[in-house]
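A quick write-up on the structure given underneath.
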Amino acid sequence: MKVYISGKWVDEEDAVISVFDHGLLYGDGVFEGIRIYNSRVFLLEEHIDRLYDSAKAIALEIPMAKSEMMEAVAETCRANGLAEGYIRLVVTRGKGSLGLNPYLCSEPEVIIIAAKIQLYPRELYENGLKIVTVGTVRNHPEAINPRIKSLNYLNNVLAKIEAINAGCMECLMLNHKGEVAEASGDNVFAVRNGEIITPPSSCGALEGLTRNKVIELAQEAGLVVQERVMARYDLYVADEVFLTGTAAEIISVVEIDKRSIGSGEPGIITGKLADLYSAYAQSNGYQL
Ligand code: PMP
């Protein structure tokens, strides 16, 4: 496997960065997870825009133009002969001292890994996920803005530990007010009486690109979508619940905290949205 590190493509074994990098020492950096479908990089421009926005928000200047970054991503896919896969694009603060001061760090490191991914086994897409609400409260949105996709994922990791300990692969995270925020690595949606609802980013949700695309496709299909503050109650009584994310795509949730959702089986609207999404993803993207 060829990995891109700050201007060069190197073998996997040589893909190393300094132990003094603040990405490692403090989780100081930003990242994106991107899909490759049918020899195209899906939503590449949107991912690059979000990466640069996240970087701007943490005062990190990415040492490349967006167009250069897009080509570096595409070239990494080509170098690994990938027609389908997953890209992890990371920008760290760079090598610094043992102190916190980011202004003492040298150049940011840009890392691009392109590989295969399978987040959930196929049968979970057919049968749906069972999830639980975890006690780990989502980061306060005014402490770390949830729209920043930073390397500091400890909040999500703690939630994931609780999920796995409870025998689940995903979980529901609430914010400091007890409102629905998102899953540990995905956005959450509910469907009730034909209407689709999802919490706004200000409740503690990353502004997911899959989420945004699903909203757009749903509206084009004539469905009503609303961003609304949600309580767990709204999920418990929903006809359908589903999660969205780059790696997970669209996956049904059929049980939350031992309440079965709707019929207890993946819902019709979720299935329709998953079909629309996969058709769109197969035919759109940055050509490799
Ligand atoms: N929320 C969190 C916390 C995430 O890490 C992700 C990405 N895995 C998402 C939501 C979904 O975002 P996207 O659709 O852009 O992948």
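Read the numbers this way: they start at 1 and go in the same order the structure lists the ligands and their atoms.
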Please list the nearest protein heavy atom to [atom] with its residue and the distance rounded to 0.1 Å.
atom: atom 14 (O) of ligand 1; answer: Thr210 OG1, 2.6 Å
atom: atom 16 (O) of ligand 1; answer: Thr246 OG1, 2.5 Å
atom: atom 7 (C) of ligand 1; answer: Lys149 NZ, 3.4 Å

I'd like to check whether [X] has a polar contact with ligand 1, where a contact means an N/O of the residue lying under 3.5 Å from an N/O of the ligand.
X: Asn156; value: no
X: Gly185; value: yes
X: Arg211; value: no
X: Ala183; value: no

Proximal ligand 1 atoms for [X], defined as those under 4.0 Å from one of its heavy atoms:
X: Gly245; answer: 11 (C), 14 (O), 16 (O)
X: Gly208; answer: 12 (O), 13 (P), 14 (O), 15 (O)
X: Glu182; answer: 1 (N), 2 (C), 3 (C), 10 (C)
X: Arg50; answer: 15 (O)
X: Tyr153; answer: 2 (C), 3 (C), 4 (C), 5 (O)

Exercise. Going by an N to O cut-off under 4.0 Å, is there a salt bridge joining Glu249 and Lys213?
Worked result: no
Problem set entry | Salt bridge present between Lys149 and Glu32 (N-O < 4.0 angstrom) | no
Problem set entry | Tyr37 and Tyr280: CA distance, side-chain angles, deciding distance, ring-ring contact (aromatic ring centres under 6.0 Å, His included) verdict | CA-CA 10 Å; Tyr37 296 114; Tyr280 183 87; over 10 Å; no
Exercise. Would Tyr236 and Met173 show up in the same hydrophobic cluster when neighbours are defined by side-chain heavy atoms closer than 4.5 Å?
Worked result: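 Per the 4.5 Å side-chain linkage, Tyr236 and Met173 are not co-clustered.
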For this session: May I ask you to identify, for Ser184, whether its side chain, its backbone, both or neither come under 4.0 Å of ligand 1 on a heavy-atom basis?
Result: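 The part of Ser184 near ligand 1 is the backbone, not the side chain.
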Exercise. Does Asp186 approach ligand 1 within less than 4.0 angstrom via side chain, backbone, both or neither, non-hydrogen atoms only?
Worked result: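 Backbone only.
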Problem set entry | salt bridge (charged side-chain N to carboxylate O under 4.0 Å, His left out) evaluation trace for Arg192 with Asp234 | CA-CA 9 Å; Arg192 193 170 195 206; Asp234 295 305; over 6 Å; no
For this session: Kindly compute the distance separating CG (Asp28) from CZ (Arg93), expressed to the nearest 0.5 Å.
Result: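 Here the interatomic distance stands at 4.0 Å.
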Problem set entry | Ring geometry between Phe31 and Tyr153 (parallel below 30°, tilted from 30 to 60°, perpendicular above 60°) | perpendicular
For this session: Could you tell me how the ring of Phe42 sits relative to the ring of Tyr277: parallel (under 30°), tilted (30 to 60°) or perpendicular (over 60°)?
Result: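 The arrangement is perpendicular - the two ring planes meet at more than 60°.
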For this session: Tell me, please: is Gly33 in heavy-atom contact with ligand 1, that is, under 4.0 Å?
Result: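 Checking ligand 1 against Gly33, which is what was asked, there is no heavy-atom contact under 4.0 Å.
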For this session: Answer yes or no: does atom CD of Gln287 have more than 12 heavy-atom neighbours from other residues, nucleotides or ligands under 6.0 Å?
Result: yes
Exercise. Is it true that a side-chain atom of Arg35 and a backbone atom of Ala247 form a donor plus acceptor pair closer than 3.5 Å?
Worked result: yes
